**Student:** 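Can you keep this structure in mind? I'll have questions shortly.
None of the values given here were measured: they were computed from a predicted structure.
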Amino acid sequence: MTRRRTLRSVALAALGSLTTSLIAGQVAAQDAPTGAPFVLKTLAPGVYAAIDGPGHKAGSNAGIVVGDDGVAVIDAFFTPDAAKALLATIRQLTPWPVRYVVNTHYHVDHTGGDQVFRDAGAVIIAHRNVREWLHSENPRLLGDRMTPAQRALIAGLPEPDLTTTTSLTIWLGARRLDVKAYPGHTGGDLIVKVPDAKTVFAGDLLWRHTSPNVIDGRIAPWIATDNAFLALPDAAHTIFVPGHGQVADAADVADFRDYLSDLLSNVRKARAAGLRGAALTAQVLPKMKAKYGDWDAFDYFIPKEIAFTEAELNGTKYLPVAPSD
């Protein structure tokens, strides 16, 4: 058994040595089931990004990491149907079982398919706050857009089996996955780093050229998190998978960090000038549009982002409360 594990380790290390061109931006397309709501992209041997496809039917991005005795999934899309398509893709890629699904945060567009993977035998891993907020906060997230089917989906979401507020390590045979908590998007966010593939699954702590949902966000800590991504060893050669948008690199992380910085700075300046509410939005919006108006979802999210940021600076923004021990 020891010799078998050693041979697997050597093989995995050899595969890791083939990632140079992929890290440099040569992300390869991979077949997915016909009609799948995502595009599968190979990032490194055994490491894949499932990028939300046209029409946003998956609802978000997800990830697949294949080790030498099992699979980890990062996020589970918005719906069970999308999760089933992801599981079918995994079955095409490897015979190994899905051992873990890691939720990067509680939002239903990332957790809606969790039950599919639990039924397949996976352990659900998340930040401790996800366990508390799945059912109580997702209805607020969707608001008056929530359909009866979505209400039922949220009510039936399975709670995580394993939680952390700091970090933990997953082993898939010889392949290591580092799971770590960072602040910013929800107060309960995790990333997954795959060191041998130089890949970081960042969840919604990163949106590539896409305006973010900041309903639960704290902007200054979020900026600090993106700076921490840029300070990671070998960040310039790291692949970052965002929660929304295409596969990213360090330059994209810097762009998103600058978006948040400009949002915070512009709102602060408008407040300092005595502007509030609609007048503040009217002052800030064209400044943001001049620089970021071509980003996906900009027109939808920017008025909300400005209002939420103003409320955060005013100390009146609602934020989910972390459970006490």
**Student:** With heavy-atom distances below 4.5 Å as the criterion, would you say the side chains of Ile64 and Leu86 are in contact?
**Tutor:** yes
**Student:** Just distance, no hydrogens or angles: give the donor-acceptor pairs under 3.5 Å from side chains in residues 272-280, sequence neighbours left out.
**Tutor:**
from   : atom 1 : to     : atom 2 : distance (Å)
Arg276 : NH1    : Arg271 : O      : 3.0

**Student:** Heavy atoms only: give me the nearest Ala235-Phe240 pair and the separation to one decimal.
**Tutor:** O-CE1, 3.9 Å
**Student:** Is there a donor-acceptor pair closer than 3.5 Å between any side-chain N or O of Ser211 and the backbone N or O of Ile302?
**Tutor:** no
**Student:** For residues Glu312 and Gly217, report the shortest heavy-atom separation together with the two atoms involved.
**Tutor:** OE1-O, 3.7 Å
**Student:** Scan residues 111-162 for pairs that pass ring pair (Phe, Tyr, Trp, His ring centres under 6.0 Å), counting only residues two or more places apart or in two chains.
**Tutor:**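 Those involving residues 111-162 are Tyr106-Trp133.
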**Student:** Once you round to the nearest 0.5 Å, how far does CG of Asp189 lie from CG of Leu206?
**Tutor:** 12.0 Å
**Student:** Do Pro97 and Val71 come close enough that some side-chain heavy atom pair is under 4.5 Å?
**Tutor:** no
**Student:** Holding to salt bridge (charged side-chain N to carboxylate O under 4.0 Å, His left out), I want the full list of residues that pass it with Asp119, two or more places apart in sequence or in another chain.
**Tutor:** none
**Student:** Could you pull out all residues at least two apart from Ala126 that satisfy side chain to side chain contact (heavy atoms under 4.5 Å, CB included)?
**Tutor:**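 By the side chain to side chain contact (heavy atoms under 4.5 Å, CB included) rule, Ala126 matches Asn103, Val130, Pro160.
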**Student:** Is there a side-chain contact between Met146 and Ile154, using heavy atoms and a 4.5 Å cut-off?
**Tutor:**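 The answer is yes, as the side chains (C-beta and beyond) meet within the 4.5 Å cut-off.
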**Student:** With rounding to the nearest 0.5 angstrom, report the CG to CD1 distance, Leu43 to Ile239.
**Tutor:**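 If we round to the nearest 0.5 Å, Leu43:CG and Ile239:CD1 are 5.0 Å apart.
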**Student:** Do you know the tightest heavy-atom contact between Pro233 and Thr238?
**Tutor:** O-OG1, 4.3 Å
**Student:** Any donor and acceptor pair, going by atom type alone, linking the side chain of Asp178 with main-chain N or O of Thr169 inside 3.5 Å?
**Tutor:** no
**Student:** Any heavy-atom pair between the side chains of Val192 and Val65 that's under 4.5 Å?
**Tutor:** no
**Student:** Between OG1 of Thr111 and CD of Gln115, what distance do you get to the nearest 0.5 Å?
**Tutor:**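 The CD atom of Gln115 is 11.5 Å from OG1 of Thr111, to the nearest 0.5 Å.
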**Student:** Is the closest side-chain heavy-atom distance between Pro212 and Asp204 below 4.5 Å?
**Tutor:** no
**Student:** If I take atom CD1 from residue Ile74 and atom OH from residue Tyr48, how far apart are they, to the nearest 0.5 angstrom?
**Tutor:**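 Going from CD1 on Ile74 over to OH on Tyr48, the span is 12.5 Å.
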**Student:** Just wondering, do Phe256 and Trp222 contact through their side chains at under 4.5 Å, heavy atoms?
**Tutor:** yes
**Student:** Could you check if a side-chain atom of His107 sits within less than 4.5 angstrom of a side-chain atom of His185, using non-hydrogen atoms only?
**Tutor:**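 Yes; the side chains approach each other to less than 4.5 Å.
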**Student:** Hey, what's the ring geometry for His244 with Trp207, parallel, tilted or perpendicular (30° and 60° as the breaks)?
**Tutor:** parallel
**Student:** At what distance, to the nearest 0.5 angstrom, does CG of Leu40 lie from CG of Leu93?
**Tutor:**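 These two atoms lie 6.0 Å from each other.
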**Student:** Could I get the full list of salt bridge (charged side-chain N to carboxylate O under 4.0 Å, His left out) partners for Asp81, not counting sequence neighbours?
**Tutor:** none
**Student:** Restricting to non-hydrogen atoms, name the atom on Pro37 and the atom on Ala82 that form the minimum distance, rounded to 0.1 Å.
**Tutor:**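 It is CG-CB, 3.8 Å.
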**Student:** Please report the C-alpha distance between Ile223 and Leu264 in whole Å, then the side-chain angles of each, then the deciding distance to 0.1 Å, and finally whether the side chain to side chain contact (heavy atoms under 4.5 Å, CB included) criterion is met.
**Tutor:** CA-CA 10 Å; Ile223 293 168; Leu264 183 59; 4.1 Å; yes
**Student:** May I have all residue pairs that pass ring pair (Phe, Tyr, Trp, His ring centres under 6.0 Å) and include part of residues 265-300, sequence neighbours excluded?
**Tutor:**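 Passing the test, one end in residues 265-300: His209-Trp295, Tyr259-Tyr292, Tyr259-Trp295, Tyr292-Trp295.
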**Student:** How about Asp75 and Thr104: does a side-chain donor come under 3.5 Å of a side-chain acceptor?
**Tutor:**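 Note: Asp75 and Thr104 side chains meet the donor-acceptor criterion.
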**Student:** I'd like to know whether Lys193 forms a side chain to side chain contact (heavy atoms under 4.5 Å, CB included) with Leu177, so could you lay out the CA-CA distance, the side-chain angles of the two residues, the decisive distance to 0.1 Å, and finally the verdict.
**Tutor:** CA-CA 6 Å; Lys193 184 178 181 182; Leu177 284 69; over 6 Å; no
**Student:** Would you say Arg99's side chain and Asp69's backbone share a donor-acceptor pair under 3.5 angstrom?
**Tutor:** yes
**Student:** Listing request: all ring pair (Phe, Tyr, Trp, His ring centres under 6.0 Å) pairs with a residue in residues 60-83, at least two apart in sequence or in separate chains.
**Tutor:**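 Only Phe38-Phe77 qualify under ring pair (Phe, Tyr, Trp, His ring centres under 6.0 Å).
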**Student:** Would you say Phe201 and Val179 are hydrophobically clustered, going by side-chain heavy atoms of ILVMFWY under 4.5 Å?
**Tutor:** yes
**Student:** So which atom in Ala250 and which in Ala236 form the shortest heavy-atom distance, rounded to 0.1 Å?
**Tutor:**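 Answer, listing the atom of Ala250 first, then Ala236: CB-CA, 4.3 Å.
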**Student:** Could you list the residues that satisfy salt bridge (charged side-chain N to carboxylate O under 4.0 Å, His left out) with Asp255, not counting sequence neighbours?
**Tutor:**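 For Asp255 there are no salt bridge (charged side-chain N to carboxylate O under 4.0 Å, His left out) partners, ignoring immediate neighbours.
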**Student:** By salt bridge (charged side-chain N to carboxylate O under 4.0 Å, His left out), which residues pair with Glu137, not counting sequence neighbours?
**Tutor:** Arg140
**Student:** Between the main-chain N or O of Ala85 and the side-chain N or O of Thr89, is there a donor-acceptor pair closer than 3.5 Å?
**Tutor:** yes
**Student:** What about Leu168 and Val200, same hydrophobic cluster or not, with Ile/Leu/Val/Met/Phe/Trp/Tyr joined at side-chain heavy-atom distances under 4.5 Å?
**Tutor:**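 Different clusters.
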**Student:** Could you tell me the separation between the OG1 atom of Thr309 and the CZ atom of Arg218, rounded to the nearest 0.5 Å?
**Tutor:**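 Between Thr309 OG1 and Arg218 CZ, I get 13.0 Å after rounding to 0.5 Å.
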**Student:** Do Leu232 and Leu205 share a hydrophobic cluster (ILVMFWY, side-chain heavy atoms under 4.5 Å, transitive)?
**Tutor:** yes
**Student:** Once salt bridge (Lys or Arg N to Asp or Glu O under 4.0 Å) is applied, what residue pairs with a partner in residues 292-307 remain, sequence neighbours excluded?
**Tutor:** Lys289-Asp299
**Student:** Do we see a donor-acceptor contact under 3.5 Å between the side chains of Lys41 and Gln246?
**Tutor:**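 Indeed, the side chains of Lys41 and Gln246 share at least one donor-acceptor pair under 3.5 Å.
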**Student:** If you apply the rule side chain to side chain contact (heavy atoms under 4.5 Å, CB included), what do you find for Val102 with Ile124, and how did you get there?
**Tutor:** CA-CA 6 Å; Val102 181; Ile124 301 173; over 6 Å; no
**Student:** State whether Asp196 and Arg176 are salt-bridged, where the test is any N-O pair (Lys NZ or Arg NE/NH1/NH2 against Asp/Glu carboxylate O) under 4.0 Å.
**Tutor:** no
**Student:** Considering only heavy atoms from C-beta outward, does the side chain of Asn129 approach that of Pro320 to under 4.5 Å?
**Tutor:**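 Sidechains of Pro320 and Asn129: no contact.
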**Student:** Is there a chain of hydrophobic side chains (I, L, V, M, F, W, Y, each step under 4.5 Å between heavy atoms) that links Leu157 to Val123?
**Tutor:** no
**Student:** Under a 3.5 Å distance rule, please check whether Asn314 uses its side chain to pair with a backbone N or O of Thr316 as donor and acceptor.
**Tutor:**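 No, because the side chain of Asn314 does not come within donor-acceptor range (under 3.5 Å) of the backbone of Thr316.
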**Student:** Among side-chain atoms of His56 and Asp52, is any donor-acceptor pair under 3.5 angstrom?
**Tutor:**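 Present: a donor and an acceptor within the cut-off.
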**Student:** With a 6.0 Å cut-off (strictly less than), is the heavy-atom count around NZ of Lys317, excluding the residue itself, greater than 12?
**Tutor:** yes
**Student:** With a 3.5 Å distance limit and no angle check, can you tell me whether Thr94 reaches the backbone of Trp96 through a side-chain donor-acceptor pair?
**Tutor:**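 Flag set: sc Thr94 to bb Trp96 pair under 3.5 Å.
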**Student:** Per the salt bridge (Lys or Arg N to Asp or Glu O under 4.0 Å) rule, what does the pair list look like for residues 150-167, sequence neighbours excluded?
**Tutor:**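 Listed once each, the pairs are Arg118-Asp161, Arg131-Glu159.
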**Student:** Before giving the answer on side chain to side chain contact (heavy atoms under 4.5 Å, CB included), spell out for Val73 and Ile90 the whole-Å C-alpha distance, their side-chain angles and the decisive distance to 0.1 Å.
**Tutor:** CA-CA 9 Å; Val73 171; Ile90 294 168; 3.5 Å; yes
**Student:** For Lys291, which residues count as a side chain to side chain contact (heavy atoms under 4.5 Å, CB included) partner, sequence neighbours excluded?
**Tutor:**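 With sequence neighbours excluded, Lys291 shows a side chain to side chain contact (heavy atoms under 4.5 Å, CB included) to Asp262, given in chain and number order.
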**Student:** Would a distance-only check, ignoring hydrogens and angles, find a side-chain to backbone donor-acceptor pair under 3.5 Å from Ser136 to Glu132?
**Tutor:** yes
**Student:** Going hydrophobic residue to hydrophobic residue with side-chain gaps under 4.5 angstrom, can you get from Val194 over to Val253?
**Tutor:** no
